[in-house]
Amino acid sequence: MSRSSMNMATRFNLLNAALVLVTALGVGFIATYTQLTRQFEARQQHSLALATMLAETSEYAVFTGQGKLLEHQLERLRKVPGLAYAVIVDAQGRELARMSVDVRYDARPAPQSGKGPESFWNWWQASNRHGLLEIVQPITSGGFQNEDALFLQASTSSAVIGEVRLAMNLDDFVAVVRHAVRWGLLVVAVILLIGLAVSLAMTARIASPLKRLADAAHQLIDGRMQPVELDSGGPEVRELGQAFNLMVSWLTDYRAEVQSYQSMLERQAFYDELTGLANRNLLKDHLQLALNQTHRRCSSMALLFLDLDRFKYVNDTLGHSFGDQLLQEVSERLRNAVRATDTVGRMGGDEFVIILVDLDRDVAVARREAARAAEQIGQVLHQPFSIRGHDISTSFSIGIALCPHDGDDNEALIRYADCAMYDAKTQGRNTYRFYEPALQQRGARRLNLENGLKRALELGELMLYFQPKYDCARRRLIGAEALLRWQYKHEWISPTEFIPLAEETGLILPLGEWVLEAALNTLAEWRHQQLVDDEFHIGVNVSPAQFWHPQFAQRTLEILQRCLPGGQGLLELELTESCLLRPSEESQRTFNALRQAGVRFAVDDFGTGYSNLGYLKQFPLDVLKIDQSFVRDCIDDLSDATIIRAIIAMAHGLGLAVIAEGVETLEHAEFLKREGCELLQGYLLAKPMPADQFAEFCRQLAFHPYLGSAAASHAAGAE
């Protein structure tokens, strides 16, 4: 009978019977072993006493060498029960007398070790239990106290003059063992019967309620939750029944909660918790289905890999909760921008995937359909998001891979679309790109540049270019902006390519310190050569990662003190708006420490970031820099001109200086001067140039075509 086919009472009875049997066998064994051990020890003590008595009574006969007397003495032991043989030898081992009860032992040599089985256990472990208990007892001469000793001139000191060697036959002890074992088995049987009787009685009282409890537990497993009533089995069993009923009550409540959570857990397994879009798992399933459907219908499909531009700055400046809300609203717009048959999913972070199915088989037509979908997504997301009082404009960089044109493997399509997305980012963001095999080489280039950037400093591949800043009102240079350039393997790498790479890899911190120190050393050299006046300052761009670093203020002041000790107002740090939109205590301390040391602050690319200008009140800045995107079309575009006028008016109202970047024509300069912006920077003055060319530019400043025309215009106006 298998274990599963036996009921609980049967198993309980078998368990009790096994326990009783083990107990009975243990008790019987202990009792039998104890009895046999005692009898064996008694026989051993009897044999030892017999040998000792024989040794004491044989001293004189051994000493005098009377063999007949010794044989007569041994013959008197023939009737001793269990005696096998007895031998008396002198000190040299010569046999003086022997008595053997059985002819088998007539030729048996006398024992030399004098040891037989020392205990019952040793005798029981022997392979032949019908052995002899052999004992050797020395015979000494210390007991002589008569005149024979003096007459024979023997020594009165105790000395061994011989040995008594006798052996007891243990054959009859086997019968004793058999008798003891029979009594032990009888004791075991009695204990077993009594134990089984008690076990059956216990089973009737305990196993029956436990069986009912077990049946109720099986019903519980099958989903039938019914309480059980136990009226027997003692208080412990009744307490167990009460605990079971409490568990049934709790499981009933828990089942309702599980059913309510089950749908939620299933949703979490396949849908993104934040946005409700398909997650990675569901995207892979839908992508595989789309691939199968494309092959079956002989059509095409497109995989769009989307990355939200500059989302990291939103998180860093406005907080992660703000970023989460932005992702939710972006997800809602993406849902509404595609067809119901298409799939929108979130890969993680600010990365999304869109699967467009049932496109035309022709590759050119499929590309146009995918491009139209990407443009529609861009238009939908171009409208600003209003979140907690902030108007946020977003854009996506989109990479597109087509099936079966680019590949028919889901992992390959995702990789190709991701590669195309990075190409869209390098092309200025807010655009889309289709995958091309050459993009794999661009990915390898990105990895190569990352490795090269790590060694650019030690190889001397980095250098600074400087672009002048001009004050039209006072007709003189007021400063220069230091711009980082990198020549890698005889190729000039664009800052728009390697600066984001440095920020992503964390190399921006050592690069930033190198730029700061090199710029200040260059300014110190210009001042030493008297190429610039005492008010000429150097501007250095600072990324958010640098500005938010806890040691930024300390390291900047150390470099400033080392390169230009006492240089008040000679260093201008140009910050982006994202640096100031996270007014933490750490950033406030950094700003205040640098301001107290005389460091100037300018906001670079003003007007291209966020509409919340509260940082202008929290951080006492010095300069606003109008971004070149507004200056470039300010003559022809009325909206750009209006924005410039508003920035100038706001800056003057706040007591800030304002400088325009990207001034390329005389018309730009004249317009800006009319509107009140007299600080200019751009190609009209000079392109960024190395330090030695900038020094020559300062020497030839009076011959500059624009500055000469500006001076003449100023003189004509004065007349």
Side-chain angles (χ1 to χ4, degrees), residues 275 302-318 322-323 326-338 344 346-347 349-354 356 367-387 390-401 416-436 439 442-443 446 494-501 503-504 543-544 576-578 581 604-612 626-633 637 639-640 643 661-662:
T275 62
L303 179 69
L304 279 63
F305 200 102
L306 298 81
D307 184 87
L308 190 60
D309 296 330
R310 298 186 178 276
F311 177 71
K312 181 178 183 297
Y313 292 104
V314 175
N315 268 346
D316 292 341
T317 56
L318 301 177
F322 189 98
L326 176 61
L327 290 176
Q328 290 173 344
E329 298 197 13
V330 167
S331 302
E332 186 62 29
R333 291 193 186 183
L334 288 177
R335 282 196 195 94
N336 299 328
V338 298
V344 181
R346 182 187 178 205
M347 292 293 288
D350 59 337
E351 296 178 339
F352 296 84
V353 168
I354 296 178
L356 304 177
R367 288 172 68 94
R368 288 196 296 270
E369 292 175 343
R372 187 163 50 249
E375 292 171 355
Q376 182 177 355
I377 291 171
Q379 294 174 1
V380 168
L381 297 176
H382 182 70
Q383 300 299 324
F385 294 86
S386 181
I387 302 175
H390 297 271
D391 290 336
I392 305 297
S393 297
T394 62
S395 62
F396 268 103
S397 298
I398 305 175
I400 306 174
Y416 295 160
D418 187 20
C419 189
M421 182 271 295
Y422 272 104
D423 182 56
K425 282 187 175 295
T426 59
Q427 299 300 321
R429 305 174 187 270
N430 193 24
T431 185
Y432 64 88
R433 287 289 184 273
F434 285 91
Y435 170 75
E436 298 176 0
L439 294 181
R442 297 180 188 177
R446 175 182 173 86
S494 171
T496 59
E497 185 175 8
F498 75 82
I499 292 296
L501 187 61
E503 291 178 340
E504 293 176 10
S543 73
T576 60
E577 291 180 276
S578 58
L581 286 177
D604 197 12
D605 302 334
F606 184 81
T608 61
Y610 308 98
S611 61
N612 186 352
I626 302 175
D627 187 68
Q628 59 182 348
S629 61
F630 301 121
V631 177
R632 185 182 303 113
D633 299 324
D637 193 329
S639 61
D640 285 343
I643 291 174
E661 297 179 299

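What's counted below: heavy atoms across the whole structure, side chains too, no hydrogens, waters or symmetry copies.
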- Item | Spacing of L303 atom CG and I354 atom CD1 [to the nearest 0.5 Å] | 9.5 Å

- side-chain contact (heavy atoms from CB on, under 4.5 Å) assessment of L306 paired with L334: CA-CA 11 Å; L306 298 81; L334 288 177; 4.2 Å; yes

- Rounded to the nearest 0.5 Å, the CG atom of L356 sits from the CD1 atom of I400 at a distance of 8.0 Å

- Straight-line distance of F305 CZ to C419 SG, nearest 0.5 Å: 11.0 Å

- Task: Give me the ring orientation class for F352 and F396: parallel if the planes are under 30° apart, tilted from 30 to 60°, perpendicular past 60°.
- Result: perpendicular

- Query: Do you know which two heavy atoms are closest between F434 and A420, and how far apart they sit?
  - Reply: C-CB, 3.9 Å

- Task: Could you grab the distance from atom CD1 of I499 to atom OG of S494, nearest 0.5 Å is fine?
- Result: 9.0 Å

- Message: If you define the side chain from C-beta out and look only at heavy atoms, does anything of D640 sit under 4.5 Å from R632?
- Response: no

- Query: Can a donor-acceptor pair be found between the side chains of D307 and S397 at a distance below 3.5 Å?
  - Reply: no

Let me have the donor-acceptor pairs involving side chains of residues 367-376, under 3.5 Å, with sequence neighbours excluded, atom names and distances please.
from, atom 1, to, atom 2, distance (Å)
E369, OE1, D360, N, 3.1
E375, OE2, Y432, OH, 3.0

- Task: Please name the pair of heavy atoms, one in S543 and one in E503, separated by the smallest distance, quoted to 0.1 Å.
- Result: CB-OE2, 3.4 Å

- Message: Rounded at 0.5 Å granularity, tell me how far CD1 in I387 sits from CD in Q328.
- Response: 9.0 Å

- Do R346 and L327 pass the side-chain contact (heavy atoms from CB on, under 4.5 Å) test, and can you show the C-alpha distance, the side-chain angles, and the key distance before you say yes or no? CA-CA 10 Å; R346 182 187 178 205; L327 290 176; 3.6 Å; yes

- Roughly how far, to the nearest 0.5 Å, is CD1 of I398 from CG of L304? 6.0 Å

- Task: Name all residues meeting the salt bridge (charged side-chain N to carboxylate O under 4.0 Å, His left out) criterion together with D423; count only those two or more places apart in sequence or in a different chain, and write none if there are none.
- Result: R433, R442

- Query: When you measure from the side chain of R333 to the backbone N and O of Q383, does any donor-acceptor pair fall under 3.5 Å?
  - Reply: yes

- Message: Would R335 and E332 count as a side-chain contact (heavy atoms from CB on, under 4.5 Å) here? Give the steps.
- Response: CA-CA 5 Å; R335 282 196 195 94; E332 186 62 29; 2.9 Å; yes

- Task: Determine, step by step, whether L308 and E351 satisfy the side-chain contact (heavy atoms from CB on, under 4.5 Å) criterion, reporting the C-alpha distance in whole Å, the side-chain angles of both residues, the deciding distance to 0.1 Å, and the verdict.
- Result: CA-CA 7 Å; L308 190 60; E351 296 178 339; over 6 Å; no

